[in-house]
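There's a structure below that I have some questions on.
Here is the naming used below: chain letters follow the sequence lines, and residue numbers restart at 1 for every chain.
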Amino acid sequence: MSSSLSNFIAADSEKCIGCKLCEIACSQAHSESTAFTVGALTSPILPRLYVVQTPEITVPVQCRHCEDAPCANCCPVSAISRKNGAIIVEKKLCVGCKTCMLACPFGAIELLPVYENGKPIMQPVLCEENESSVDEAPMLFAGKCDLCTDRAKGPACVEICPEKALSLIDPARMKRDRNIKAAMSFLNTSQNFS
Amino acid sequence: MTKVRELIKIDPELCTGCERCKDVCPVNAIFGKKGEPHRVESSRCVFCGQCVQTCSGYSSVLDEPETPRADKLRERGMFESTTEPLFAAYCAGDALEVAAALKTDKFSMVQCAPSVRVAIGEDFGMPAGSLTPGKMAAALRRIGFSRVYDTNFAADLTIMEEGHELLARISTDATLPMFTSCCPAWVRFMEQHYSDLLPHLSSCKSPQQMSGALFKTYGADIDGKAREEIYSVAVMPCTCKKYESARPEMSMDGYRDVDAVITTRELAYLIREAGIDFTSLPDEDFDRPLGTYTGAGNIFGVTGGVMEAALRTAYELVSGEPVPDTDLLFVRGGEGTRTAFITIEDKTFKVAVVAGLKYVAPLLEKVRAGEADVDFVEVMCCPSGCISGGGQPKVLLPTERDEVYMCRRKSIYSHDKDSKIRKSHENPDVQKAYADFLGEPLGHTSHKLLHTTYTKRDI
């Protein structure tokens, strides 16, 4: 059903200036802390979209919320599912196996450290040197764009972009709008022939 | 100064060339092609640090740059323990130097600008504009300063000197309009671009430098110390104050008025490094006499504040009557230029307030042409005055910046409103300083310690 296609965020590379504000806004939107100054940050900036800079193009890349999402399909612990029209990772279920990273064709998933109350959560792992002892390593989870579904003002990256390069795409509406434009264009063209 | 210190820098490894810094630079001192790392031309830069506040090119933990973080921290004058993300545009700091000096046997005296107390709490997770003068004084004492004084005292003193200077200029038909000289970025801009108009600048040193000059004379005498034993530190919302303190004019007999300047952000680094829990500190008083201040001294931190403080005192000096309403709302406002009239007895003074260096040129052109119908002008480089200075806690999202600045502004005015004494000339310790040490405003000692000269500077 085309009407149920997931939304996704897309950026216009012609407009993007590579300032990375979208990354900062994304990190802030997904942070439990109320810190609004750099000095008050108690965890690193951890975005779920990534500004890519190459000599040819500057543009942020993030999840496309695929209809047949490879990340959700391959997750061995069923931590990834569709909720409210977005592909969402259940942080508590994720074991950090990276299968979704491998599956994602866009590189839209990154293993991020879990922070609570300003501190990284550690987990016991077997120590390489000594099989009988355990070591501690930061707990990780698959971080990805969730379309800011919990945020009243919608996606933070779209709101912050100083160049208005980002927009929330509703594929069904986009298709209808383009159909209308094409029809109008056809009308104008056919008038030229009459 | 033979070589201008490269105070404001852009890290080429972190700069993405987005050019947002160029948009806020009031003097076009940032160069570089779009999409490529930019650089700051120090000889043009007025060191206001607005680019530092705006920059969003940061070092991600997911994509570490070539140079190790420890090296970057050292280069920026930051403690190794500092965990905050690093941004491309930054101000080379002095916190390490101050921390080292506090371990020596120097007798250290510190002063804090009015805008620091309405913002430092933000870097410890407190709400925007939290007013924390008491916690700040307590923190400075625990860090190890021997005397915790205040720039606000010298702000009151500045009003005494500047107010008398203005009235003297008016009564002798000397150079008018007179421009304030508290903002070092503005002074540097004048020296670079309008050196022919330098006689219009008040000869007063800024409150920072007046404080420093008094620390090493009057303050040293009070504690029975020699000038060379004093280590004088200023905590400022401003990055350009570092430049101002290093100017050769800002010293006497080879001793600098202010030995080191740290920004609000750098004070937060020092507090963290010392393991102090800022939010749970008790409220403590500033030391007297150089820490006593009025509400008028405190409003120096916002645009229009110097003007309002000056008019509260000038009104009384001219008319002998207290100003009818202490709150002079007509000089308050935001970014841009505003003008107002005030009638004192039968004389009408026309004043102008400029917030944001990019707005000052039209007025200066009028002054140059002899067409400026104004007596007294306050200019501040930063958009909302010192509360929005380059050394203040950096607000992560530009969409929140106006709201945060508004909270800081409200806090400055409420601190004034709640002060028992709200006019500079009523500051009892300023009166005492004149009686015991300075003599009278514009007198011999004042002239020597509290006034300065300006020089044409090439770009």
Problem - From CD (Glu66(B)) to NZ (Lys72(B)), nearest 0.5 Å - result: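 If I round to the nearest 0.5 Å, the distance is 9.0 Å.
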- Met126(B), Lys394(B), Glu19(B): which one forms the most heavy-atom pairs within less than 4.5 Å of chain A?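 Greatest number of close heavy-atom pairs with chain A: Lys394(B).
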For the candidates Leu62(B), Thr82(B), Asp123(B), which exhibits the highest count of non-hydrogen atom pairs separated by less than 4.5 Å from chain A?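 Among the listed options, the one with the most contacts to chain A is Asp123(B).
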Counting heavy-atom pairs under 4.5 angstrom with chain A, the leader among Arg265(B), Arg272(B), Glu36(B) is Arg272(B)
message: Using a 4.5 angstrom heavy-atom cutoff, name the option from Glu84(B), Glu400(B), Gln392(B) with the most pairs to chain A.
response: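 Of Glu84(B), Glu400(B), Gln392(B), Glu84(B) has the most heavy-atom pairs under 4.5 Å with chain A.
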The interface call for Glu122(B) against chain A, heavy-atom contacts under 4.5 Å, is both
> If we ignore angles and hydrogens, is there a donor and acceptor under 3.5 Å between the side chains of Tyr405(B) and Glu335(B)?
Replying inline: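 Side chains of Tyr405(B) and Glu335(B): no pair found under 3.5 Å.
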Under the criterion side-chain contact (heavy atoms from CB on, under 4.5 Å), which of Cys55(B), Cys21(B), Cys381(B), Cys382(B) is the partner of Gln50(B)?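 Only one of Cys55(B), Cys21(B), Cys381(B), Cys382(B) forms a side-chain contact (heavy atoms from CB on, under 4.5 Å) with Gln50(B), namely Cys382(B).
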Given that the side chain runs from C-beta out, which part of Tyr269(B) has a heavy atom under 4.5 Å from chain A: side chain, backbone, both or neither?
->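 For Tyr269(B), there is no contact with chain A at all, as no heavy atom is under 4.5 Å.
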Which of Thr189(A), Asn188(A), Leu187(A) passes side-chain contact (heavy atoms from CB on, under 4.5 Å) with Ser185(A)? It is Thr189(A)
Which answer fits Pro55(A), side chain, backbone, both or neither, if we ask what part of it has an atom under 4.5 Å from a heavy atom of chain B?
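It is neither, since no heavy atom gets under 4.5 Å.
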Taking Lys9(B) for its side chain and Tyr90(B) for its backbone only, find out whether a donor-acceptor pair lies under 3.5 Å.
no
**Prompt:** So is Lys20(A) actually on top of Tyr58(B)'s ring, under 6.0 Å and inside 45° of the axis?
**Reply:** yes
- Query: Do Ser280(B) and Asp277(B) have a side chain donor and acceptor closer than 3.5 Å?
  - Reply: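 Yes.
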Just give me the residue among Thr42(A), Thr34(A), Leu41(A), Ile45(A) that pairs up with chain B most often, heavy atom to heavy atom, under 4.5 Å.
->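 Counting heavy-atom pairs under 4.5 Å, the top option is Ile45(A).
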Checking Ala128(B) against chain A: side chain, backbone, both or neither under 4.5 Å from a heavy atom?
->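 Both the backbone and the side chain of Ala128(B) come within 4.5 Å of chain A.
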